[in-house]
Number of protein chains: 2
Amino acid sequence: MEKKIQLPTSESHDLQGFPCPHIAVDVALMSIDPRDEYPKLCVLLHRRGPGHVEGMWALPGRFVRERDTLSNTAEQAVALKLGIQGTNVQQLHVFDDPDRDPRGWVMSVAHIGTISWERCIENTHHLRDVFAAPIRDHELDLPDGQSRLPYEQREIVRYAVKEIRRQYSLLPDPGHFLPDEFTLLQLREVHQAVQDDEIKADTFRREMKPNLIPTGEFSSGGVGKPAELYRRRDRSSSTVPSLSRSTRNRRRTPVEETF
Amino acid sequence: MEKKIQLPTSESHDLQGFPCPHIAVDVALMSIDPRDEYPKLCVLLHRRGPGHVEGMWALPGRFVRERDTLSNTAEQAVALKLGIQGTNVQQLHVFDDPDRDPRGWVMSVAHIGTISWERCIENTHHLRDVFAAPIRDHELDLPDGQSRLPYEQREIVRYAVKEIRRQYSLLPDPGHFLPDEFTLLQLREVHQAVQDDEIKADTFRREMKPNLIPTGEFSSGGVGKPAELYRRRDRSSSTVPSLSRSTRNRRRTPVEETF
DNA sequence: ACACGTTTACGCAAAAATGCGCTAATCTTG
DNA sequence: CAAGATTAGCGCATTTTTGCGTAAACGTGT
């Protein structure tokens with residue numbers, strides 16, 4: 001059954017008459033909690049105040065104000081809900097079910113961001129309405145017996161976990177959980193927390209080396225042979241090799257959206 | 001300089017008073033043109049009609065109508081501008097510069113889709129306003145001496161090329177350029193077109209096999225030993241292995257957006 | 001001062017992957 | 001029926017990667 005589409009000779013591009021959705025952003029801001037025996041990947045939640053399911057833990061979010069950008073809105077959401085300024089965020093996915101919000105037609109643009117644990121704690125340790133929820137198998141351990149996040153925030157977290165694991169399979173600590181200089185052990189612990197998988201030291205060191213610059217300086221104050229400090233190689237350089245197969249060939253089936 | 005953020009005790013979530021942007025979608029619909037000695041990856045363009053820079057070649061796009069979804073709008077854009085129905089699309093990126101459209105505040109959600117060459121030709125061969133533009137080094141060969149695509153469509157094509165190459169490094173022909181049954185040579189030609197790189201037959205066959213199901217049937221009508229036909233293994237199966245390093249360890253620096 | 005634990009880095013064997021030559025099998029064409 | 005073209009797999013050399021044992025270097029406790 002072949003139906004030929006009649007191509008319109010002209011189509012009104014005047015914006016009058018096109019209703020438009022409200023645009024919200026949600027942010028999965030991630031950090032690495034080093035407090036347990038093994039550092040672990042977390043997502044920062046805030047507890048909602050009066051006016052919107054008070055007391056419920058949620059990802060920070062915010063409506064886009066007039067002529068504002070998504071990333072600016074996302075950063076404001078993080079600032080207002082988590083007390084953290086100046087975070088870099090990236091888009092993940094747009095959720096566009098017209099019935100997803102009972103208040104009206106709203107699209108939500110999910111974002112992902114990363115923050116070091118030190119900077120996270122520095123900004124939020126005094127706040128009782130901010131919580132770092134650890135991630136287990138793409139799910140969050142929510143506090144206060146809460147069973148699930150509102151709207152599609154559960155899916156947002158899954159998207160975020162998948163995306164950060166993908167990026168960490170390509171480059172050393174692209175999310176800058178670590179400061180500018182770090183040891184191989186610190187780097188490996190971060191990668192293990194992100195990938196939720198054990199990574200062999202030898203293999204890891206060999207594949208990181210091409211993307212790291214030895215500083216010539218060594219760590220001090222720890223037990224054992226002092227570790228050399230490294231910096232990330234500037235990845236804008238055209239000579240940066242991508243990681244070898246062992247980082248990328250992690251035994252995980254790419255269960256992800258394809259065409 | 002530490003500035004504590006005053007968390008609001010309540011925030012108005014009523015949608016009144018929030019201006020909102022118009023939402024457009026753009027689609028980079030990709031196909032594999034087999035007509036030359038080597039098949040090559042193409043993006044489908046349409047020539048704009050009266051009312052909007054008549055005569056300019058562009059990616060199909062469309063404003064989101066009231067309470068419609070992004071994917072439905074993208075599919076309608078493809079249907080109306082390219083004459084192709086029922087394409088699957090995926091989101092790539094949201095372009096949100098408030099000054100990007102002189103007519104007003106518009107955000108554009110870029111999408112990627114794929115279509116077999118046969119189905120593409122079947123729907124568009126009679127149309128003079130549809131063109132399959134070959135991709136060279138992330139750029140398009142535009143017809144009629146046109147130097148560049150409008151708005152951010154050049155970037156959209158780059159996003160699309162990167163995304164399709166990434167997906168083709170993970171699974172055999174996830175974009176279904178090929179029909180349900182195909183030979184290894186056909187599969188390899190498609191992968192070579194997408195990756196724009198030579199792929200050795202032996203290595204390719206070894207890494208594809210775990211994700212393919214031999215049908216027991218053979219191709220006919222060609223010269224030489226008939227090749228066996230394969231189907232893609234259902235990737236929802238938990239036993240599907242991801243591709244080995246040789247497909248993924250292609251010498252390309254991941255020059256892409258990270259945090 | 002020494003033993004011990006911890007960490008780093010290297011040498012080396014083992015394992016895995018790659019690429020090529022070769023061959024057998026099978027089809028089409030003349 | 002012969003020749004050419006193509007597919008597919010095997011054997012094997014080479015290359016690459018992995019993982020382990022070990023030495024070196026440090027801090028801590030005795």
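Naming: A, B, ... by sequence-line order, numbering from 1 per chain. Computed from a prediction, not measured in an experiment: that's the story for all the values here.
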Checking dT28(C), dG21(D), dC20(C) against the side chain of D202(A) (C-beta onward), the nearest is dG21(D)

Which nucleotide, dG4(D), dT8(C), dT7(D), lies nearest any side-chain atom of A227(A)? dT8(C)

Reading DNA chain D from 5' onward, which residue's closest nucleotide shows up sooner: G224(B) or L229(B)? G224(B)

R188(B) atom CZ is separated from dG19(C) atom C1', nearest whole Å, by 13 Å

In whole Å, what is the span from the CD atom of E217(B) to the C1' atom of dT7(D)? 17 Å

In whole Å, I'd like the distance from the CD atom of Q186(A) to the C1' atom of dT7(C). 13 Å

Decide yes or no, distance alone: a donor-acceptor N/O pair under 3.5 angstrom between the base of dG9(D) and the side-chain of R206(B). no

NZ/NE/NH1/NH2 to OD/OE distance under 4.0 Å, E122(B) and R119(B): no

For R205(B) and dG9(D), is the shortest distance between a side-chain N/O and OP1 or OP2 below 4.0 Å? yes

Sub-4.5 Å side-chain heavy-atom contact between Q192(A) and R188(A): yes

Out of dT26(C), dC10(C), dG4(D), whichever nucleotide has its closest atom nearest the side chain of V223(B): dG4(D)

Give one of base, sugar-phosphate or nothing for K209(B), where a contact means two heavy atoms less than 4.0 Å apart. sugar-phosphate

Taking only the side-chain nitrogens and oxygens of K200(B), find out if one of them lies under 4.0 Å from OP1 or OP2 of dC20(C). yes

Residue E228(A), side-chain atoms from C-beta onward, closest of dG19(C), dA9(C), dT7(D): dA9(C)

Rounded to whole angstrom units, what separation is found between the CE atom of M208(B) and the P atom of dG9(D)? 15 Å

Any side-chain N or O of T203(B) below 4.0 angstrom from OP1/OP2 of dG19(C)? yes

What is the distance from NZ of K225(B) to P of dT6(D), rounded to the nearest Å? 14 Å

How long is the line joining CG of L212(B) and C1' of dA8(D), in whole Å? 14 Å

Measuring from atom CG of D141(B) to atom NZ of K40(B), what distance do you get when rounded to the nearest 0.5 angstrom? 9.0 Å

To the nearest 0.5 Å, tell me how far Y168(B) OH sits from F177(B) CZ. 4.5 Å

Output the rounded distance in Å from CD (E198(A)) to P (dC20(D)). 10 Å

First locate atom CD of Q153(B), then atom CG of L59(B), and finally report the distance between them rounded to the nearest 0.5 Å. 4.0 Å

Please report, rounded to the nearest Å, how far the P atom of dA25(D) is from the CG atom of L184(A). 19 Å

